[in-house]
Each structure stands twice: as C-alpha cells, then as structure tokens.
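Inspection log for the structure reproduced underneath, given as structure tokens.
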Amino acid sequence: MTIEQLIWLVPLLPLLGFVINGLGRNSLSKGLVGIIGSGVILASFIISVVIFFSLQGDTQKSHEVFLFDWISAGTLHIPLSFLIDPLSSIMLLIITGIGFLIHLYSTSYMHNDEGFGKFFSYLNLFVFFMLLLVLGSNYIVMFIGWEGVGLCSYLLIGFWYTNTAYASAAKKAFVMNRIGDLGFLLGVFLMFNFFGSVEFSKIFPQAANMLPGNNTLVLITILLFIGACGKSAQLPLFTWLPDAMAGPTPVSALIHAATMVTAGIYMIARSSVLFDLAPLTQHIIAIVGITTALIAAIIALTQTDIKKVLAYSTVSQLGYMFLGLGVGAYTGSFFHVLTHAFFKALLFLGAGSVIHAMHHEQDMRHMGGLRKKLPVTFLTMMIGTIAIAGLPPFSGFFSKDEILANAYQYSPILWGVGVLTAFLTSFYMFRMMFLTFSGNYRGTHHEESHVHESPKAMTIPLIILAILAAIGGAINIPHVFGGNEWLAHWLSPVVAQHELDLTHSTEFTLMGVSVVAAIIALLYAYTRYVKGARVPVADEAPRSALAKLSYNKFYLDEIYDFIITKPLDAFSRFFYRIIDTKFIDGIVNGLGWSTNEASKGVRLLQSGNVGFYIFMMVFGIIALLAYTFYYI
Amino acid sequence: MEQLLLLIFLPLAGAIITVFAGKSAKIVSTVISVASLGLALFIACNFIPNASTQFEANLPWIADLGIRFHAGIDGISMLMVLLTNLLVPIIIFSSYRHDYKNPAAFYALILFMQAGLLLVFTAMDAFLFYIGWEAALIPIYFICAFWGGKDRVRINMKFFVYTIAGSLFMLMGIIYLYLQNPAHNFDIQAFYALNLDSAQQGWIFWAFFIAFAIKMPIFPFHTWQPDTYTAAPTQGTMLLSGIMLKMGIYGVIRWLLPIVPAGVQDWSCLAIVLSIIGIVYASIIAFTQKDAKRLVAYSSIAHVGLISAGIFALNQQGMQGAMVQMLSHGINVVGLFYVLDIIFSRTKTNIIEELGGIAKSAPQLAITFLIIVLGTVALPGTNGFIGEFLLLMGVYNYGIWAATIAGLTIIFGAVYMLRMYQNVMLGKTNELTITFTDIQGTEKLVLYIICALIIILGVYPKPILHLTEASVQHLLEQVNQKLTSVK
Amino acid sequence: MENLTTQMAGVPLNHYIYLCAIIFTIGVIGVLTRRNAIVIFMSVELMLNAVNLLLTAFSVHNNDPSGQVFVFFIMALAAAEVAVGLAIIVMVYRNTKSIDINVLNRLKW
C-alpha cells in the first residue's frame, strides 16, 4: 500500500465516526459510542504511523493526492487534494495520537453525561477537520479545516449550552476566530492575485526566487499572521481562549491546548518560505509573540481556577512559539508545538482528573492535599509541570531553549523578556501544583471522603503522555549536547532552516540562566505555598494594584467591550432608529406626505363657481394667445 | 421549445385549476409545483452547459409593435429556473402546518407568481420581461394584503409604491431603447446590438438600476424590505426573499450589464460603494434587532449587497459567486424563515429575548437550524461559503479596500446570527419554550431537504458552477467587446 | 342679388374683423359678468355668431365655399346645443327654483 492509497482513509475514518455517532447518538449504547469514537481515531493513528514510516523510507518526500475539483471559476481552480510531506506527517501523528489518548480519556470522563454520543461525534468531527487542515495541499483546503475546527470548538465550548455564560464563551471564540479568518482570506486573495494560484506547490517555488522585503509579500504575510493570531490566541485576539475553558476538560486538552490552537504556528511554519522574505512581518510576529507570552504569564500568576491557569499558560506558551517564528526558528517553534502538545495535554487531562475527583470543583482555593488521594495524577502532572517550567532533561527544556537561543541571536532584549516569562511560568505552574496537591484539604470532611483516584481509562493516557513529556525532547537534541537535531533534518525539505551562530559557551550560559531562573521561581513558590501555606484571597478581597490588574486580566474584556461592542451597538441603534426609520423612511414617507399636502392646497382652486371656471378659461386662452403672438 | 412553453404555462394552468379546487387546493398546488420541479430537472438534464440559448420559443405576439413571445434558457436562466421551481414546492410544503382561510386563492396566487417569475427568468423580449416583472408583483401584493400580519395595509402600500416606482423607471428605459432600436422591436439581441453613446447609456443605466436596486434591495432603497418581510405571511416572505429579490439581481446581469456596459463602467464604482455600505450598514443594524424576522431581513440586505458588489466588479469570480450565492441565499433564507415560522407557531412570538433553551426540548430543530445558520454565515463546507468566497474574491479583484470592508460580513454575520441562535435555542428554557415540541412530519421533510442541499452544494458545487460557467464567460466577453468598441 | 353681393364685397375685410371682434368680446363679457343662465346662453350664441360671420366673410374673400359650409354645421350644432342646454337649465330651475349660476357651486372637491 502506498501513501497515495492510504492517505484519504486518515480523515475519512473520523468523519465516518462522526456520522455513525451523530446518527446513533440516542440509539447506540455508551460503550459502543466510545468504541467507535476512539476506534476510528486509533485506526487513523495506525495508518498515520504507517504513512510516517513509509515516508521515512521514501526518497520522494512530498506526495500530492488529488481527490476532486472543488471550486473553479475563471482562472481559479481549487482542487480538494492532500499533501503528505514531513511536516504534515508529523502533525498527523500528533493529532491522531494525542487525539486517541484524549478520546480514551473521555470515555471515562464523560461517562455520566447525557450528551455522551453527541460529545464523541463532535470530537470525531473536530479530528476530521484538523486532519483536513494539515493535509490540505492548498490554502483553501487548509481554510476548510481552519474554519471547521473553529466550528467544532464553538460546539464543544458550548457543549453544556443551557448555561448562558458557556454559550456566550462559545460565540466569543467563534467570532474572534472569524476576525482572524478574514485576514487569512484576504491574504489568500492577495496570494492568488500575486502568484496566480493558491497551491503550496505553485506558490513556494515562485516565492523562493523573490527578493526579501517585497512589499506584497510583507502584506500577504501580515494578513496570514492576523489569521494565525485569531486561531492561536495572540494579542489582541487572545481573550477567547481562557473563556473557552467552559467546555469539558478533554476538549480543552485536545482543542485548546494540543492541536487547534497550534494551527496558526503550523500555517506559518508551512509558509515559512514567504515569512522568511518578509523581515518586517517577522519583527511584528516576534514582538506580538513575546508580549503575549509575558502578559498571559502575568495574568496566570493570580488566577484561582485551575483550568484558567492552564489556559493562560497555553496562551503564554503559544506566545513563545510565535516568538520563535518571528526570530526565524521555525523548527524550534514546531518542536515546541510537539512538546507543548505532550505536556499541556497531560496537564489538562491531569486537571480534568482532579476536577473529576472533586466533583466538578475547579477553584484551587477549595483543593489542597490531594497528593495522597490522587497519586498517579499528582506524579504525572508533576512531570508535566517540570517539563513546562523548562527544567532539564524534560522535553520543554530543549524546545524552549532552542527558541530562547534563537531569540538571543535576534535580539538580547527579546531573550531577556523570554527568560522573565520563563521565570513567571515556572512560578505559576508550581503555585498551581502546590495549591492543589500539598498542604491540607480545604473543603469539608464529607467532600474529602469522596475524593478518589480516576479509573484506568483516565490514568493510562496520563501515564503515556507523562512518558512523552519526559522524553519527547529526544527528537531534537541540539548539537551542543552531541545530538543530531533529527527533527530539523526531517523538516528541512519543507521548513526554512537557519543555523544558530552562537558559540557553545554562550549557549550553555543562556541555558544556565533560564534554568536558574526556573529553579528560583520553583523555590519561591515552594516557600510561599508549601512552607507559608498561603492561599489566594477571596474574589472581593482587596488586592494591590498590580495584583488587581493581573487578577482582572488587564481589563482587556472590559476595554474591548468599551471600544468595540458598545460603540457598535450604539451605531446599530442609531442606524436603525435614526437613519433607517427617521431619515430614509422619512424621505420616502415625506414624498407621500408632500403629495398629499400639495393636493390639499391645489384642490381649493376647484371652488365650484362656474363663473370662476369660465373666467379662468378665458384668461387661459388670452394668455396662450399672448404667448403665441409675442414669442412665436 | 415545447418544454419551455410547458414550463411557463404549467404553473399558470395550475393556478387556474387551483382556484377551482376549493378545499383540496393544497394537494393540487403541491402536485403541480412538484411536477414543475420535475420538468425543470428534466430540462436541466437536457441542457447542454454552453453559452447558447436553448429551448428557445419565438412566437409572434403583438406584431404591430414588434412584440414577440421570445423566451429561452441559457446557463444563467437555467439556474434561476431551478431555483424557482425548487423553492416553490418547498414553500408550499412549508405552508402545510397552516390553515389559511380561502386556501384556493392563496395557492393559486403562489402558482401564478411562479409563472410570472419563470417568465422573468426566461424572457428574451424586453416587453415580455416587463410583463413577467409586474405579473410577479401582483400575486405577492395580494398574498401580503390578505394573509399578512398587523399593520399590513400601510406596509403593503409602501412596498407596492416603492416597487412600482422602480418599475416605471425601467419601463421608460425599455421604451427609450425601443425607440432607439432601428428594427423597432423589443428583442434582447437587438438591444445588445444598439450603439448608444455614453451619456445615453448613463441615463438608461439609472433607469434600470433604480428598478433593480429597489427589488434587491440595495442601500438606500431598502426600507420597504424589513417591514414587508415582517408583516407578510411566512410563505410570502419566503417568496419575496427566496426568489423575488433574485429578479433584481438577474435583471442586472441580463438587462443592465450587456445593454449599457459603458454606463455600468461609469457608475459601477458608485454601485459597489452603495452595495458595500449596505453590507456594513445592514449588518450593524442586525446586531440589536429584537425581532428575529427583522434580523433575518437585515441580514438578507447584507448578503444581497455582497452579491451586487460581486456582480458590479465585472469579473468571472464575482459573477460565478453571484450565481452560486443566489441559489444558496434562496435556500438558506427560506430555511431561516421556516424555522422562525415553526417557532412562532408554537410560542406565538419571534422576539429574541423572550425565547431561549429550545435546543433542550427540540434537538432536531436545533441541529437543522444550526446547519442553516452555518450556511448563512458561510462556513466552509456549506453552500454559503462557495458563494461568499468567490464573491469576495471578485470584489477583491476590483479593489483590496472594497474586499476588506465587504469581508466584514464574515465577522458581522457570525456575530448577529450566532447571537440570535444563542438567545433563541441555547440557554435555559422558560415558560414559553418548556413545552416546545420537536419538528415532525412535513417540518422534518422540509428542513432535512434544506440541510441536505446546504451541505451537498457546499461540498460539491461543481454542477452549479459548471452550469453557469460558459454563459457567464460569454456575458463578460460580450460586455468587454462592447466596451472596447465604444472607445 | 348680384348687386348686393358685389356691394358687400366692396366692404373691406378689416371691417368684418372689427365687427366680429366686437361682437365676440360682447359675448365673452356677457358670459363672464351675467349670472342668469339664459343670458349667458344668449351671450354664447353671440360668440358663435361672431365666428359664423367671420367665417362667411373670409369665405367670400377667399372665394372658398367651404367656410360657409362650416357655418351651416355650426348653426346646426348651436341649435342642438341650445336644446340640450335649455333642458339642463329647466332641470336646474326645477331643482333650485333659480337660474342664477352662482347657486350651482357644488361642482368642487
């Protein structure tokens, strides 16, 4: 079986799962739904593995598979076709692999939910669209997946739709994504105008021959970056992601941590040829990335909801990835996508396990001392936390340091802010761990007796992900440590590569600084929350100005509400009540009214007096005669 | 030729039969409308997708004035015929839940209107076109006047005066063209061949444009539309929004662009600006609408604005997008109004704030409504995306700023549509919606058909694109050729 | 007879025009100023006859008999008109007991 014959099965299977589970959501038993839902993803994963290894043995590193003509109008032809190359083959593995683990986890996590069948059908649909996103051989097929995952995100955030706040969060996510999507679409139009095609295989070779700094390329890349900002939750469009935590926790793990939110990075890495030629855009990306990383990290410091902490941490890590893209470390960013997928999925699933044990309590102020009750969850989450904090030799260390080293080469200031963010990251992550797992239980005794470790279906994915989070760094060990940078070599046919031009001693120094920063943060968190046993204050308690700013998310939602939502609503009412009803309709009705009024005046001439009529007639004839005599 | 005559006169004959059918008018009209759908599909199967006019009927009618019964079908007409004959049975099905008083008259008027619409979409003679144009207006007037909601008399009057005023401008334009025509007939080919200078073309452009702009409607000629959509009975609203507004768009494509290309070129900038203002303006108004029907009415103005901008951009993508979007918009908007009708019949309200939580008690309705909403907000994989994508690309080829502003519809559409969906379907159930029963019987049938069409056209739009491609290309070539010969 | 015709032909055309204009004006003024319907009728007859006279005069002047033919038509028409008009006046009188036209002011909005 060749790649071409297998590839269409990969997205088809989840689609099939969606259809079966969707139609049978009320008639199939929960067990069957779970088996079908997870089974199709497992099958896709197995096929993806086969594809990955056959691609490794293949001399031809990119295969295009044409399915059918989708849209054609004039010179525009958009086929529905797939592209298999090193980049997409790795993405396939992540999506289906982690996707399967999360499906497995969900069979247990969602077991008591009445929307079980619906949940699995949505999850399968999401995987389908995500696969379409990474498999598309042109920007439009990518866009189908791009918007499709947005739809699934909408459906799953609003899964418990009877809660109005959840439904609003879903809507917010969709709309904010749409803002980015408009940028994406405009970028695609510009590309079509400029290159005459939307196919990767036609655009990139043409772009490769262009000079850096081409204005059109800069515009294209900026528009694409706006799209990525929406999907990957960067400033100023990131506020939807924390709200998206309204969805069930497996959804947060799969969609809002491991896969969908990294679509923006995937897209930029895919288009790295274009971005490499637009230094201005790269500059913007780096600045937006690092700013987002810092702001999100600051916000995460004071959050008390366990999922909100992880959500802001995700935004912050995504900011890191954009920093990497901006400074040209495409491989480094993609590496971080991989490791982040492992440890963030792990952390979310772990948080889900905690929430499950706590009977849907998410506030860390009510937790504490769960280490004994949930040993597996604690251990695996600890591995995840160490990985995200960037402590060696866990996976996060390698990927984060590759980005930071590249940032240092680009500009030491970026590196400095990056290390500061790493310090904050380490602090808030350990804060979360200590608040949750150490100390004494802060709820009632009755509640405590109900806390128990999660079933196997939930812990096994945790353990697998913990192993990956621990050793995942091995796929791209840098030369400094005598590694061979396997990932960089693997991606080199697709993604632009830049050699790091730093001496080994500089590299070691940089690593040392960031590791020391992370350890200091760890110790500080330890003294504060374990030794000092401090607990975050209640919502309404007074805070210092900075803490207030952080706790209230820099008031970004309020600011957006004030400068965008409110004025638009005011305009809406103004347009409707004044312009439409009063002005335009007023003109139309005014025409009718003035005709009426004029006739009221004119009809008085019809006095009914025959003498007057005759007089007017004679007068008229004389006037006509006079006119005839004098003017003709 | 026989097929075409049958196509036009079948609904007309059906209308006459229905008048005398009394109580069984519902069944009779259903049979006839389904038969005409079958006939349209049969014609579509025999239609060769090239630029030529097929099934042409050219019979003498009023010989002294050079008026002939000249009708035919090319790719563009074929699409419109399919749209009309597809939507009319759906609209008739959608009325099954209602027991309108005097059903014979009601269904006869619908079929009569169908005949008028088919005449408009196939006419190759300006006089015949005008007859059809007005013939389609009369039944809808009576439908709204007799079966409409509150305040219908005043609103109907406004609607009627608006459209009649537009039509009169068009009539003047047609007569002027007739007088300029040395052969003294109303034939469309003769009109195409006329050699008018650019001042004349400008006047003709405005005469036609106002008529079409009112029908579509384009900002600022739109104020009749939200009122009329709200006051008309649901079937009337469906006819108006699903098919009738396409008369305006079709008119632009068939009668405006090829006859006065220089006029179009001089004024297309203004037309596009008006269209784009309409998109943003109507979308923003839709944000705060309280009545769901009115919200959909404003969204319809926004969508039509995009279609007209795409047409006036005068390129293949925009034009093809307009074709697909006309079909898609027809299907989606009929679906939306149907769902609102179902909700209204159970809760007796369409006020968004009073509803909520319907998804809990009616999951089937929630799913079908969601698919229709997604089609309306142009999600890839639904029919709306194909149209909007091509239209935006067409507008983009005209100007990047135009496309950026027009593209706001992608964001705004999601805002007001999802807001409506959320407030109506999601959230907690209240006293009104707690007893809501899920869709059944014909409701299921209609909504399933609509949803299936939305997805099928979104995944495989090629048949539609293929159907109109040659005709659109031919039309654009014609326009360009004539433009170069004027200079 | 012959003599009379030649003598009349001797009267310059201008005199006829002046005479007719005077008679016509008397008629117009009569129509405008009098309120009695019958008098108005008589004034209308004056106007008609002024025109008749003018037509005859021009007919002779131009040696074209068609003008005189017209006069016959007008006379027949005037007779018919008087018949209808008087009938109307009689009806008006029966209804209003008056033939003052200012009473007839109902013909309005």
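Each chain gets a letter, A, B and so on, in the order its sequence line appears, and its residues count up from 1.
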CA sep, side-chain torsions, deciding dist, call: A:Phe143, B:Phe389, side chain to side chain contact (heavy atoms under 4.5 Å, CB included):
CA-CA 11 Å; A:Phe143 190 70; B:Phe389 174 75; 5.9 Å; no
Can you establish whether the number of heavy atoms outside [X] located under 6.0 Å from its atom [atom1] is more than 12?
X: B:Phe169; atom1: CZ; value: no
X: A:Phe562; atom1: CZ; value: no
X: B:Glu353; atom1: CD; value: yes
X: B:His466; atom1: NE2; value: no
X: A:Phe66; atom1: CZ; value: yes

Show, in sequence, the C-alpha distance, side-chain angles and deciding distance for A:Phe571 and B:Ile285, and conclude whether the side chain to side chain contact (heavy atoms under 4.5 Å, CB included) test is met.
CA-CA 8 Å; A:Phe571 267 122; B:Ile285 288 184; over 6 Å; no
With rounding to the nearest 0.5 Å, note down the distance linking [atom1] in [X] to [atom2] in [Y].
X: A:Tyr154; Y: B:Leu379; atom1: OH; atom2: CG; result: 11.5 Å
X: B:Ile411; Y: A:Leu182; atom1: CD1; atom2: CG; result: 4.5 Å
X: B:Arg154; Y: A:Asn589; atom1: CZ; atom2: CG; result: 6.5 Å
X: B:Phe385; Y: A:Ile140; atom1: CZ; atom2: CD1; result: 5.5 Å
X: A:Lys118; Y: B:Ile367; atom1: NZ; atom2: CD1; result: 8.0 Å
X: B:Leu390; Y: A:Ser72; atom1: CG; atom2: OG; result: 9.0 Å

Pick whichever of [options] has the most heavy-atom pairs under 4.5 Å with chain B.
options: A:Thr75, A:Leu155, A:Leu186, A:Asn177; value: A:Leu186
options: A:Leu80, A:Ile78, A:Leu151; value: A:Leu151
options: A:Phe129, A:Phe575, A:Phe189; value: A:Phe189
options: A:Ser168, A:Gly592, A:Gly148; value: A:Ser168

Need one label for [X]: side chain, backbone, both or neither, based on atoms under 4.5 Å from any heavy atom in chain B.
X: A:Phe574; value: neither
X: A:Thr581; value: neither
X: A:Phe174; value: side chain
X: A:Ile587; value: neither
X: A:Leu219; value: side chain

Quick one: what part of [X] sits under 4.5 Å from any heavy atom of chain A, side chain, backbone, both or neither?
X: B:Thr404; value: both
X: B:Leu408; value: both
X: B:His222; value: side chain
X: B:Asn315; value: neither
X: B:Val161; value: neither
X: B:Leu465; value: side chain

Heavy-atom pairs under 4.5 Å with chain A: which of [options] has the most?
options: B:Met157, B:Gln473, B:Arg419, B:Glu469; value: B:Arg419
options: B:Lys428, B:Gln422, B:Gln316, B:Gln320; value: B:Gln422
options: B:Lys462, B:Lys158, B:Gln289; value: B:Gln289
options: B:Ala359, B:Gly413, B:Ala403; value: B:Ala359
options: B:Val324, B:Leu370, B:Val377; value: B:Val377

Taking [Y]'s backbone N and O only, do any of them form a donor-acceptor pair with [X]'s side chain (distance below 3.5 Å, no angle check)?
X: A:Ser572; Y: B:Ile284; value: yes
X: A:Trp70; Y: B:Val459; value: yes
X: B:Gln317; Y: A:Ala73; value: yes

Nearest heavy-atom neighbours spanning A:Ile144 and B:Pro380
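Nearest heavy atoms, A:Ile144 then B:Pro380: CA-CB, 3.6 Å.
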B:Ala378 to A:Glu147 - nearest heavy-atom pair and separation
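Heavy-atom minimum between the residues: O-OE1, 3.9 Å.
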Any non-hydrogen side-chain atom of [X] less than 4.5 Å from a side-chain atom of [Y]?
X: A:Lys171; Y: B:Val415; value: no
X: A:Ile584; Y: B:Phe219; value: yes
X: B:Asp227; Y: A:Asp585; value: yes
X: B:Thr429; Y: A:Thr162; value: no
X: B:Leu392; Y: A:Leu185; value: yes

Derivation and outcome, side chain to side chain contact (heavy atoms under 4.5 Å, CB included), residues B:Trp224 and A:Val588:
CA-CA 9 Å; B:Trp224 62 270; A:Val588 175; over 6 Å; no
Assess, by modelled atom type and distance only, whether the side chains of A:Asp569 and B:Thr288 contain a donor and an acceptor separated by less than 3.5 Å.
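No donor-acceptor contact under 3.5 Å links the two side chains.
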I'd like to know if the side chain of B:Tyr298 pairs up with that of A:Asp580 as donor and acceptor (distance under 3.5 Å, no hydrogens or angles considered).
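Their side chains do contain a donor-acceptor pair, which is all the 3.5 Å distance test asks for.
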Could you give me the CA-CA distance, side-chain angles and deciding distance for A:Leu190 and B:Tyr396, then say whether side chain to side chain contact (heavy atoms under 4.5 Å, CB included) is met?
CA-CA 8 Å; A:Leu190 190 52; B:Tyr396 186 93; 2.7 Å; yes
